[in-house]
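Only one structure is covered here, and it is reproduced in the block below.
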Amino acid sequence: MKAWQEALLAWYRQNARLLPWRGEKDPYRILVSEVLLQQTRVEQAIPYYRRFLERFPTLKALREASLEEVLKVWQGAGYYRRAVNLHRLAQRVEELPPSFAELKGLPGLGPYTAAAVASIAFGERVAAVDGNVRRVLSRLFAQESPKEKELFALAQGLLPADVDPGTWNQALMELGAVVCLPKNPRCPNCPLAAFCQGKGDWGRYPLPRRRKAPEERLMALVLLGRKGVHLERLQGRFQGLYGVPLFPPEELSRREAAFGVRSFPLGEVRHALTHRRLLVEVRGALWPGEGEDPWKRPLPKLMEKVLRKALPLLAHEGVVSLPDAEAHGVKPL
DNA sequence: AATGCGGGGCC
DNA sequence: GGCCCAGCATT
């Protein structure tokens with residue numbers, strides 16, 4: 001084993017954060033943690049990890065739950081396909097297969113998550129390359145734009161013999177998460193500083209690829225019926241969750257005609273996604289249908305904003321219960 | 001290889 | 001406001 005590998009492992013033994021899934025043996029619980037951690041910071045994932053496992057403690061419990069129930073627990077965590085895929089996975093297999101190759105075929109498990117579960121839960125010697133590992137290795141070996149395949153081959157070759165692969169993978173990720181940071185890396189505190197070829201100008205490794213999120217204009221139509229708001233199951237973006245009709249502005253007249261209403265403006269809502277800046281004009285109308293209480297459904301954050309903007313309409317005749325809304329963090333204007 | 005998919009924290 | 005996060009699926 002090389003000196004830098006010893007240094008990393010020694011650092012990890014001393015500095016590993018105490019996280020709920022550290023030391024966990026149950027492969028299912030490790031899987032849940034890894035899926036929740038996809039593109040999600042540790043601090044954000046922890047409460048969902050606890051909530052999810054309290055409600056679905058085993059693969060069997062998850063399998064027997066309804067998708068909507070699963071989404072309700074996932075509400076707020078984002079990337080809702082992860083929840084859908086986890087639910088599908090539970091239907092697909094009785095138990096988690098103990099190998100990287102088999103795990104990688106399951107819904108929602110790509111190369112990273114399959115490798116993470118295989119190495120951490122089952123001890124398989126396979127490298128798990130996430131954004132942290134990519135950044136750490138890019139800097140350590142001064143690689144500006146390493147390709148994914150090369151990076152995996154490199155990481156695979158770096159797995160030390162006689163070290164638990166799950167521990168090694170986590171040590172590399174931990175370093176990236178708390179020392180080898182994207183913006184302000186703490187090189188003076190880094191156990192690998194003496195070995196790092198990219199330390200001088202860390203900004204080059206890896207080279208950031210920039211793109212700015214374009215703006216997208218949409219309209220949201222809040223229809224207030226006798227018993228509440230008209231909700232649809234959303235398609236595409238926010239798939240599986242619920243919300244009011246959301247569409248491009250040019251569809252307004254067609255939508256109004258379909259519902260038999262004339263709408264009026266309630267205000268604008270801005271919502272930033274990673275690759276889009278949404279500018280949503282919220283419109284409302286009284287509608288002869290029934291509708292329902294929206295706060296009982298899994299809603300994306302955008303729809304919470306839309307409904308908050310529509311609060312003056314919702315308060316109309318007290319059809320929608322404001323206490324329910326406030327329980328969801330919605331405050332009157 | 002590029003794009004869509006959430007939400008939150010940090011600068 | 002931009003950037004990034006223990007990525008995956010689709011094209």
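Keep in mind that this is a model prediction, so the values were computed, not measured. All chains are named by letter (A, B, ...) in the order of the sequence lines, taking the proteins before the strands, and each is independently numbered beginning at 1.
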Got a list of protein N/O to nucleotides 9-11 of chain B N/O distances below 3.5 Å?
none

Pull out every residue in residues 30-40 of chain A that has a heavy atom closer than 4.0 Å to any atom of DNA chain B, ordered by number, or say none.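 Those residues whose heavy atoms fall under 4.0 Å from DNA chain B, taken from residues 30-40 of chain A in numerical order, are A:Q39, A:T40.
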- Message: Need to verify one output field. Residue with the more 5' nearest nucleotide on DNA chain C, A:V129 or A:P182?
- Response: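 Counting from the 5' end, the first nearest nucleotide belongs to A:P182.
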Please identify each residue that fulfils salt bridge (Lys or Arg N to Asp or Glu O under 4.0 Å) with [X], with sequence neighbours left out.
X	result
A:E24	A:R29
A:R17	A:E43, A:E174
A:R139	none

Taking any heavy-atom pair under 4.0 Å as a contact, classify A:G76: base, sugar-phosphate, or nothing.
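Sugar-phosphate only.
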Looking across every strand, which nucleic acid part, if any, lies under 4.0 Å from A:R22 by heavy atom: base, sugar-phosphate, or nothing?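 The residue A:R22 makes base contact.
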Measuring to OP1 and OP2 of B:dG7, would you say a side-chain N or O of A:Y48 lies under 4.0 angstrom away?
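Indeed not, no polar side-chain atom of A:Y48 lies that close.
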Practice prompt. Could you list all the salt bridge (charged side-chain N to carboxylate O under 4.0 Å, His left out) pairs where at least one residue sits in residues 61-70 of chain A, not counting sequence neighbours?
Written response: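 Listed once each, the pairs are A:R55-A:E69, A:K60-A:E64, A:R63-A:E94, A:E68-A:R297.
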Rounded to the nearest Å, what distance is computed from the [atom1] atom of residue [X] to the [atom2] atom of nucleotide [N]?
X	N	atom1	atom2	answer
A:K301	B:dC5	NZ	C1'	17 Å
A:M303	B:dC5	CE	P	13 Å
A:R135	C:dC3	CZ	P	16 Å
A:E174	C:dC5	CD	P	15 Å
A:Y79	B:dG8	OH	C1'	12 Å
A:W202	C:dC4	CH2	P	11 Å
A:L278	B:dG7	CG	P	10 Å
A:Y12	C:dA6	OH	C1'	11 Å

Residues clustered with [X], ILVMFWY side-chain links under 4.5 angstrom:
X	value
A:M219	A:L221, A:L223, A:F247, A:L252, A:F259, A:V261, A:W287
A:L18	none
A:Y205	none

Under 6.0 Å between the ring centres of A:F52 and A:F56?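 Yes, the ring of A:F52 comes within the 6.0 Å limit of the ring of A:F56, centre to centre.
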Sub-3.5 Å pairs of nitrogen or oxygen atoms, protein against nucleotides 9-11 of chain C:
{"unit_1": "C:dA9", "atom_1": "OP1", "unit_2": "A:G108", "atom_2": "N", "d": "2.5"}

Quiz prompt | Derivation of the side chain to side chain contact (heavy atoms under 4.5 Å, CB included) call for A:L172 and A:N132 | solution = CA-CA 7 Å; A:L172 225 35; A:N132 288 311; over 6 Å; no
**Prompt:** Where do A:K305 and A:H271 land on the side chain to side chain donor-acceptor pair (under 3.5 Å) test, with the steps shown first?
**Reply:** CA-CA 8 Å; A:K305 290 186 191 174; A:H271 188 70; 3.0 Å; yes
Could you check which of C:dA6, B:dG7, B:dC5 has an atom nearest any side-chain atom of A:R237?
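When the side chain of A:R237 is considered, B:dC5 is the closest of C:dA6, B:dG7, B:dC5.
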- Query: Is the backbone of A:F100 close enough, under 3.5 Å, to the side chain of A:E124 for a donor and an acceptor to pair up by distance?
  - Reply: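 Side chain of A:E124 to backbone of A:F100, a donor-acceptor pair under 3.5 Å: yes, one is there.
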Tell me the side chain to side chain donor-acceptor pair (under 3.5 Å) pairs involving residues 147-164 of chain A, sequence neighbours left out?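 Found A:D164-A:T167.
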Residues in contact with DNA chain C, drawn from residues 137-154 of chain A - heavy-atom cutoff 4.0 Å:
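Contacting residues: none.
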